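Because the structure is predicted, anything quoted here is derived from the model rather than measured. Values below: all heavy atoms of this structure, side chains included; hydrogens, waters and symmetry mates excluded. In the text below, chain A, chain B and the rest are named by the order of the sequence lines, each starting its count at 1.
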Number of protein chains: 2
Amino acid sequence: MSTAKATLKDVAERAGVSSATISRALNDPDKVAADTRAKINAAILELGYTPNFGARVLASNRTGTVGAVIPTLSNAIFASGVQAFQEVLDENGITLLIATTDFDPEKELYQVRQLLAHGAAGLLLVGADRPWTTLDFIEKHGVPHVLGWCAHADSDQTCVGFDNAAAAYDATQRVLMQGHRRIAMISGECASNDRAQARLDGVRRAISDHGRGAALLSVTEAKYLLQMGAEAFVTAYSTRPHPTAIICGNDVLAAGAMIQAREMGLDIPGDISIVGFDDIGLARAVHPGLTTVRVPQSEMGRQAAEQLLAKISGETPPPNPELQTEFIMRGTLAPPKQDIGLR
Amino acid sequence: MSTAKATLKDVAERAGVSSATISRALNDPDKVAADTRAKINAAILELGYTPNFGARVLASNRTGTVGAVIPTLSNAIFASGVQAFQEVLDENGITLLIATTDFDPEKELYQVRQLLAHGAAGLLLVGADRPWTTLDFIEKHGVPHVLGWCAHADSDQTCVGFDNAAAAYDATQRVLMQGHRRIAMISGECASNDRAQARLDGVRRAISDHGRGAALLSVTEAKYLLQMGAEAFVTAYSTRPHPTAIICGNDVLAAGAMIQAREMGLDIPGDISIVGFDDIGLARAVHPGLTTVRVPQSEMGRQAAEQLLAKISGETPPPNPELQTEFIMRGTLAPPKQDIGLR
DNA sequence: AGAGCCAATGTAAGCGCTTACATTGATCTC
DNA sequence: GAGATCAATGTAAGCGCTTACATTGGCTCT
């Protein structure tokens with residue numbers, strides 16, 4: 001075995017054919033006669049040949065990669081979406097480049113640059129809220145992209161996600177239907193986060209649409225961490241009169257709130273109802289089970305991949321799929337004590 | 001603006017220098033005079049030039065990517081490790097290629113091939129249990145790798161992780177010290193999973209080393225899903241006499257077990273103690289808090305990246321770091337009722 | 001049997017960059 | 001002030017593939 005890496009030419013000599021034929025055998029096997037192919041395969045095996053990635057990319061102008069730029073893998077909602085995204089790419093022989101932003105729009109632009117510089121043939125981004133420069137840059141590159149975790153009926157962008165505002169509106173209605181009137185929200189940080197913003201908007205709108213004394217007593221923004229949810233609960237609960245229900249921007253915040261509520265000797269849902277968002281594994285694990293909104297994470301990742309692949313191969317992608325969320329009633333939501341029977 | 005993408009040559013003409021100088025300005029700026037650099041930058045901006053990835057790779061033989069092949073992103077323990085891994089790579093200007101195996105060793109080999117074919121300069125793999133062919137293949141490629149989530153004092157491999165067996169041994173000792181003698185284990189599936197195997201071994205050994213009537217009543221293997229943990233609990237609890245403590249292969253299984261225990265009207269930890277492993281967010285969110293073993297997920301990802309980068313740049317990497325686990329006492333472990341005071 | 005066709009293969013021109021080596025002035029040294 | 005030194009830049013040879021186009025020879029068709 002030689003030290004130098006085998007090249008196409010080496011394989012060609014060994015197999016007694018031209019390098020073009022080798023290339024064809026590799027990229028488009030049925031253009032090559034079966035027996036030639038056999039010889040070639042033998043030669044490849046003997047030489048331990050692996051195509052040179054750079055040369056292949058340079059000559060063909062295809063990298064076989066797409067990129068995903070997401071806030072963080074540490075949040076299950078992104079991790080499992082990306083997981084599904086990757087699975088579909090994999091089925092199509094595409095490899096995934098990944099970069100994270102920690103919710104920073106500038107870092108997102110930076111990462112987009114990175115991935116495009118690495119030859120990503122398409123891009124998955126999270127949400128629709130970003131400086132116009134970012135999308136501009138992507139478009140100048142002529143690389144298609146899809147936006148995940150959001151839905152925008154108005155926009156001409158390809159969005160694969162669900163209507164966060166509508167889902168939050170719906171969830172809030174359920175809370176109101178239980179009889180709650182004094183509601184607080186623990187929201188994710190809304191700056192540069194249209195999903196958090198939309199959820200907050202949905203809650204706001206549902207409450208004001210409802211009227212009849214329903215009020216959003218407070219909105220506390222917090223980072224998506226258990227500890228932050230706990231701290232935010234203190235603030236959210238501190239109004240007089242207390243809220244009877246707290247709607248949280250996601251399940252992690254909700255779980256944090258639950259911990260703190262229990263800490264403060266409050267019964268859930270007796271003294272305070274809590275509603276989450278996302279339905280990650282956590283929601284079923286806590287006790288009582290967390291009432292929340294299920295979002296189709298995997299389905300979203302899958303469809304995002306399909307849309308992106310379609311765009312890459314130049315097909316007009318199917319119209320934005322509308323993914324449905326589902327309100328999941330568990331134990332943390334119940335009618336408020338003091339209002340029972342008052343209707 | 002022309003339709004065709006600008007190349008180095010275009011920029012060179014525009015800036016009135018040779019293409020070599022542009023290349024240098026890009027890759028090794030202080031080899032170029034400041035004013036020349038300024039002209040070049042202007043030209044680049046005007047033309048919207050981006051280097052061609054393939055050409056760069058072909059000419060320089062460097063892709064600036066590293067690959068990670070992991071079981072799944074859906075499990076927080078991998079997701080947050082990879083997150084940290086990616087952050088360090090990012091600081092070093094390296095981009096991450098990601099592929100998942102769903103715990104299938106054959107798929108792992110396939111993904112390793114994929115990533116190497118995409119020019120990964122280094123590889124992160126999970127655990128040490130795999131067919132020799134896989135590592136053989138990697139070595140033939142001359143690409144360095146590190147194994148994460150495991151520790152192997154004996155091996156010549158670079159492992160970045162913790163001693164799962166020792167951590168399990170220690171946790172089991174704590175359980176024994178609380179007075180438990182009838183212990184059951186809900187283990188992850190051990191086939192092709194040395195981490196699960198090691199944890200099981202640690203539990204086994206601790207119990208047999210202890211003697212004095214301590215017994216491992218049963219071992220139930222289950223996939224790492226909440227639901228599977230719940231189902232496994234039924235089996236694990238069904239022995240007569242019942243176990244007084246159940247040690248779980250990870251926190252997800254433990255949380256599933258907790259759900260089922262509550263379902264069956266059992267008090268935790270009054271009727272049954274439960275211990276988890278990993279200390280993911282879930283462990284603090286459940287009630288009572290899950291007693292578990294904290295593993296330094298992020299630290300591991302970080303160090304794995306550092307080791308890998310060191311190997312890639314040809315340095316002799318620092319010796320395998322020994323990462324410490326920590327037993328986290330929370331509410332799900334307490335002395336067994338019937339043994340209180342009996343010593 | 002000759003024209004026409006087609007599948008299989010060969011020929012060779014790049015793809016756009018990096019980098020070893022060559023060149024050029026300017027600055028320094030004694 | 002001549003030679004040495006050095007920073008800055010230019011020249012040009014690839015890197016290892018893909019692919020448009022050319023060639024070949026065996027078939028079919030009439």
Exercise. Nearest-Å distance, CG (Leu8(B)) to C1' (dT11(D))?
Worked result: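 Roughly 15 Å, once rounded to whole Å.
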Any N/O pairs under 3.5 Å between the protein and nucleotides 19-28 of chain D? List them or say none.
from, atom 1, to, atom 2, distance (Å)
dT19(D), OP1, Arg62(A), NH2, 3.0

Problem set entry | Separation of dC17(C) P from Lys9(B) NZ (nearest whole Å) |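 That distance rounds to 11 Å.
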Problem set entry | Interatomic distance, Leu58(B) CG vs dG14(D) C1' [rounded to whole Å] |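 About 9 Å, once rounded to whole Å.
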Exercise. Which part of the nucleic acid does Phe53(A) contact within heavy-atom distance under 4.0 Å: base, sugar-phosphate only, or nothing?
Worked result: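 If one applies the 4.0 Å heavy-atom cut-off, Phe53(A) turns out to touch nothing in the nucleic acid.
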Problem set entry | Phosphate-side-chain proximity, Arg56(A) and dG16(D), N/O vs OP1/OP2 below 4.0 Å |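 False: Arg56(A) side-chain N/O out of range (4.0 Å or more) of dG16(D) OP1/OP2.
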Problem set entry | Spacing of Ile22(B) atom CD1 relative to dC17(C) atom P, expressed in whole Å |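 Between P of dC17(C) and CD1 of Ile22(B): 10 Å.
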Exercise. How long is the line joining CG of Asp28(B) and P of dC17(C), in whole Å?
Worked result: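 So the two atoms are 17 Å apart, to the nearest Å.
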For this session: For DNA chain C, determine which residues of residues 29-45 of chain A have any heavy atom closer than 4.0 angstrom to one of its atoms, and list them numerically.
Result: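 Of all residues in residues 29-45 of chain A, the ones placing a heavy atom under 4.0 Å from DNA chain C are Val32(A), Ala33(A), Thr36(A).
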Exercise. Within this structure, what is the CG-to-P distance between Asn52(B) and dC15(D), rounded to whole angstrom?
Worked result: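 So the CG-P distance, Asn52(B) to dC15(D), works out to 18 Å.
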Exercise. Leu47(A) has an atom CG; how far is it from atom C1' of dG16(D), in whole Å?
Worked result: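 Answer to the nearest Å: 15 Å.
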Exercise. Under a 4.0 Å N-O cut-off, is there an ion pair linking Glu46(A) with Arg14(A)?
Worked result: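 A salt bridge links Glu46(A) with Arg14(A).
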Exercise. Has the side chain of His118(A) got a donor or acceptor atom that lies under 3.5 Å from a matching backbone atom of Gly64(B)?
Worked result: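 The answer is yes, because a donor-acceptor pair under 3.5 Å joins these two groups.
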Exercise. Does the cation-pi check pass for Arg113(B) over Phe137(B), that is, NZ or CZ under 6.0 Å from the six-membered ring centre and within 45° of its axis?
Worked result: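 Yes.
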Exercise. Mind checking whether Ile98(A) and Val69(A) have side chains closer than 4.5 Å, heavy atoms only?
Worked result: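 Of all side-chain heavy-atom pairs linking Val69(A) with Ile98(A), none is under 4.5 Å.
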For this session: State yes or no: are the ring centers of Trp149(B) and Phe162(B) separated by less than 6.0 Å?
Result: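 Not under 6.0 Å, so no.
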For this session: Using side-chain contact (heavy atoms from CB on, under 4.5 Å) as the criterion, point out the one residue from Asn75(B), Thr72(B), Ile70(B) that pairs with Gln83(A).
Result: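 Of all the options given, the one that passes is Thr72(B).
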Exercise. Does Lys140(A) pair with Asp136(A) as a salt bridge, N-O distance under 4.0 Å?
Worked result: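 Salt bridge: yes.
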Exercise. Hey, which of Leu308(A), Val146(A), Val112(A), Leu135(A) is the one that makes side-chain contact (heavy atoms from CB on, under 4.5 Å) with Leu123(A)?
Worked result: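 It is Val112(A); the other options fail the test.
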Exercise. For residues Ser80(A) and Gln297(A), is any side-chain donor paired with an opposing acceptor at under 3.5 Å?
Worked result: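 Ser80(A) vs Gln297(A): donor-acceptor pair found between side chains.
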Exercise. Any side-chain N or O of Ser18(B) less than 4.0 Å from the OP1 or OP2 oxygen of dG10(D)?
Worked result: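 Yes, because at least one side-chain N or O of Ser18(B) sits under 4.0 Å from OP1 or OP2 of dG10(D).
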